[in-house]
Number of protein chains: 2
Amino acid sequence: MAQQAGREGRLRPARRLTLADDVYESIKTLVMDHILPPGERVNIDALARELDVSPTPVREALARLEADGLVRKRPLSGYTTTPLLSRAEFDDLFEVRQLLEGATAGRAATYASAEARQRISVEAAARIDVESGDGYRRHAAFTALDAKFHDLIAEVAGSPLLRDTITRLHSHLHLHRLYFPIAGAPATNSEHQRIAAAIVAGDATAATEAMRAHLSAARERHLPAFDQLPTPGTPRDSA
Amino acid sequence: MAQQAGREGRLRPARRLTLADDVYESIKTLVMDHILPPGERVNIDALARELDVSPTPVREALARLEADGLVRKRPLSGYTTTPLLSRAEFDDLFEVRQLLEGATAGRAATYASAEARQRISVEAAARIDVESGDGYRRHAAFTALDAKFHDLIAEVAGSPLLRDTITRLHSHLHLHRLYFPIAGAPATNSEHQRIAAAIVAGDATAATEAMRAHLSAARERHLPAFDQLPTPGTPRDSA
DNA sequence: GGAACCTATTTCCTATAGGATGTTGCTTTG
DNA sequence: CAAAGCAACATCCTATAGGAAATAGGTTCC
């Protein structure tokens, strides 16, 4: 008792299913937004106090996040947030993305329904006003739009397994989203439109090629961020 | 108190790190071996009693297993083991495997070290005596050998992400292993050797093609099982 | 002056108890 | 006889407490 009284609407969404699920989403956001910095130790009790719940659902949520690759668990030593990708891991990620998402785009061009093609066309036309909002919101909005476009293609490709797999990969990528140079947004948009055009036209080969080219270009756009980044894995004891 | 007294070595391995990890492995085995049948409800408390631990680590283990796709969670209703793959999901799985493992074999042929090629060659030569042991052990041994071969290729392909992704997919497949017709073992072995030969020779194109052909054949071998299977998703209330 | 050892604290890990919710079976009514 | 409503049960979900291990800091010895 003495806990479910006066904290409605603090972190709790309107439709509340289970507390553990809400906690999972909350912690995921904390990690994605770097409120819990990469490589940082995660104190279960402190997190439970912060979220105003007991440690049990926190522990359950962390177990799921570990399977997602967002935190690591060292036995009898606690959880830590996953460090930022190293350069090698980053390159690896984009190679795998090229393989998976290239094939996905090709499938989408072949199997997508007319209605699905319409949706892709609309989605590719959407843009984020680069001038609006502060830096953080702008980044978040742009990243969300990019993720939505890629997921949409995965959805209409007609392979649930492929879509799940791609979604999983994106978690790792999103840890880097705050470092993405916003200047690349226009190029990203036009590349998206080229992919959409190929899918709408039903040209699988062109769609695959356009997606691979897009990911190659996206990788190049991200690379400068590595020069201004703290070396991953370093146990930063900040000042 | 009154619990850590007399149950040494029951399910506890010699090196004990955390109870939750042991419970995770135990439940995973229970699901894989169909001791917890697919589609069955999983009672947390009953499972805790069975494993002689408290519900807390069981809950944590189930959360991880859910992320692995071996159990599903319905809010406020409990966990259920994942049903067997439907025909459509099965076909989907093998398409994705062809994509991923085909590319992996090609990478292995290109990047594998001399020592790695040696290991693959040895592994492909290993065989399970089809005559030995009872049906269950024979199946388990053969499936383990197959999984080891595929994972070895993924390991030497030099892409940790690709390897993780493939490992995840295999979980779903392994739920079907008990239905695999053992008669296909010799063909599987020879196909493995063909893949190994291409990798050892450094022929990426041939390795990719051999892997894809192998998976296509393996899929065909599995198909008859669908005719003698209870329809997936049926809530079986056994006699 | 440096390294190793010991101690104290923090943190994690597990067990237990109680409240809320979904489910099931029975009864009642049309 | 069937369907809807109700009640009892089982199960899940969350909170709290206590024991064990690891980490950090201080002290002592070389």
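Within every chain, numbering begins at 1; the chains are lettered A, B, ... in the order of the sequence lines, protein sequences first and strands thereafter.
Taking the six-membered ring where the residue is Trp, B:F90 and B:H222 present tilted rings, their angle falling between 30° and 60°.
Computed from coordinates, the B:D45 CG to D:dT11 P distance equals 8 Å when rounded to whole Å. Spacing between atom OH of A:Y79 and atom P of D:dT23 amounts to 16 Å, rounded to whole angstrom units. Rounded to an integer number of Å, the gap from CG of B:L62 to C1' of D:dC12 is 12 Å. One interatomic measurement links the two molecules: CG of A:D21 to P of D:dC13, which rounds to 9 Å at whole-angstrom precision. Look at CG on A:L51: it is 13 Å from P on D:dT14, rounded to the nearest Å. Remark: C1' of C:dA15 and CZ of B:R59 are 14 Å apart, rounded to the nearest angstrom. One can place CD1 of B:I44 at 5 Å from P of D:dC12, the figure rounded to the nearest angstrom. Taking atom CZ of B:R49 as the reference point, atom P of C:dT14 lies 19 Å away to the nearest angstrom.
Between A:S54 and D:dT14 there is no side-chain N or O to OP1 or OP2 distance below 4.0 Å. For C:dT10, neither phosphate oxygen OP1 nor OP2 lies less than 4.0 angstrom from any side-chain nitrogen or oxygen of A:N43.
Comparing atom distances between the A:K73 side chain and each of C:dT14, C:dC13, D:dT16 picks out C:dC13 as nearest. With D:dT14, C:dC12, C:dA15 as the choices, the nucleotide that has an atom nearest any side-chain atom of B:P57 turns out to be C:dA15. Out of C:dG22, D:dC13, D:dA15, the shortest distance to the side chain of A:V53 is found at D:dA15. Side-chain proximity of A:T18 to C:dA15, C:dT16, D:dC13: nearest is D:dC13. Among the nucleotides D:dT14, C:dT14, C:dG22, the one closest to the side chain of B:S77 is C:dG22.
Across all their heavy atoms, B:S159 and A:V96 have their closest contact at OG-CG2, 3.8 Å.
Residues B:H170 and B:D151 are not in side-chain contact: their nearest non-hydrogen atoms beyond the backbone lie 4.5 Å or more apart.
Two residues, B:A46 and B:T56, neighbour DNA chain D, and the one matched to the more 5' nucleotide by heavy-atom proximity is B:A46. Residue B:E60 is the one, among B:R41 and B:E60, whose nearest nucleotide of DNA chain C lies closer to the 5' end (criterion: closest heavy atom).
Side chains of A:R221 and A:T188: a donor on one and an acceptor on the other come within 3.5 Å.
Residue contacts shown for A:R74 are limited to sugar-phosphate atoms, with no base heavy atom under 4.0 Å away. Using a 4.0 Å heavy-atom criterion, one finds that B:V58 contacts no nucleic acid atom at all.
Ion pairing between a basic and an acidic side chain is recognised when a charged N comes within 4.0 Å of a carboxylate O; A:R87 and A:D91 show such pairing.
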